[in-house]
**Q** 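Please read through the structure below; I'll follow up with questions.
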Amino acid sequence: MRKTSVPAPFGGLMIAGVVVAVAAPFLGWILQALALLINSYWSIPCIDYILVEVIPCVRLGGVLLFLWGALGWLFNRREKEDGQ
């Protein structure tokens, strides 16, 4: 029986990508709550910028990181099958 586990570098990239993509919305919600709390006293435009521009980019980065790990894993798997 063949062992079909994900190699460490690619598995790590895939896990990191999932963590970043899943954690980004939670960070957005925390920043929204912080913005509501702080905006009652004074306005901070950088929080709005982070919510609109940065959080979606972080999510996209996490998805791309996962896909990069998955693609590397597939190429590594093909190389091993061709070599055997």
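Quick note: numbers below take in every heavy atom, side chains included, and nothing from hydrogens, waters or symmetry partners.
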**Q** To the nearest 0.5 Å, what is the distance between CD1 on I15 and CZ on F66?
**A** 10.0 Å
**Q** Going by the rule side-chain contact (heavy atoms from CB on, under 4.5 Å), which residues pair with V20 if we only count those two or more places apart in sequence or in a different chain?
**A**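 Per chain and number, V20 pairs via side-chain contact (heavy atoms from CB on, under 4.5 Å) with V58.
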**Q** Could you identify which residues cluster with L64, counting Ile, Leu, Val, Met, Phe, Trp and Tyr as linked when any side-chain heavy atoms lie under 4.5 Å apart, either directly or through a chain of such contacts?
**A**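 Reading the cluster by chain and number, L64 sits alongside L60.
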**Q** In the single-linkage hydrophobic clustering (I, L, V, M, F, W, Y; side-chain heavy atoms under 4.5 Å), do M14 and L67 co-cluster?
**A** yes
**Q** Going by the rule side-chain contact (heavy atoms from CB on, under 4.5 Å), which residues pair with L27 if we only count those two or more places apart in sequence or in a different chain?
**A** L31, I55
**Q** Over all heavy atoms of both residues, which pair between A24 and R59 is shortest? Give the atoms and the distance, please.
**A**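 That closest heavy-atom pairing would be CB-CG, 3.3 Å.
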**Q** With sequence neighbours left out, write down each residue that passes side-chain contact (heavy atoms from CB on, under 4.5 Å) with V22, or none if nothing qualifies.
**A** V18, F26
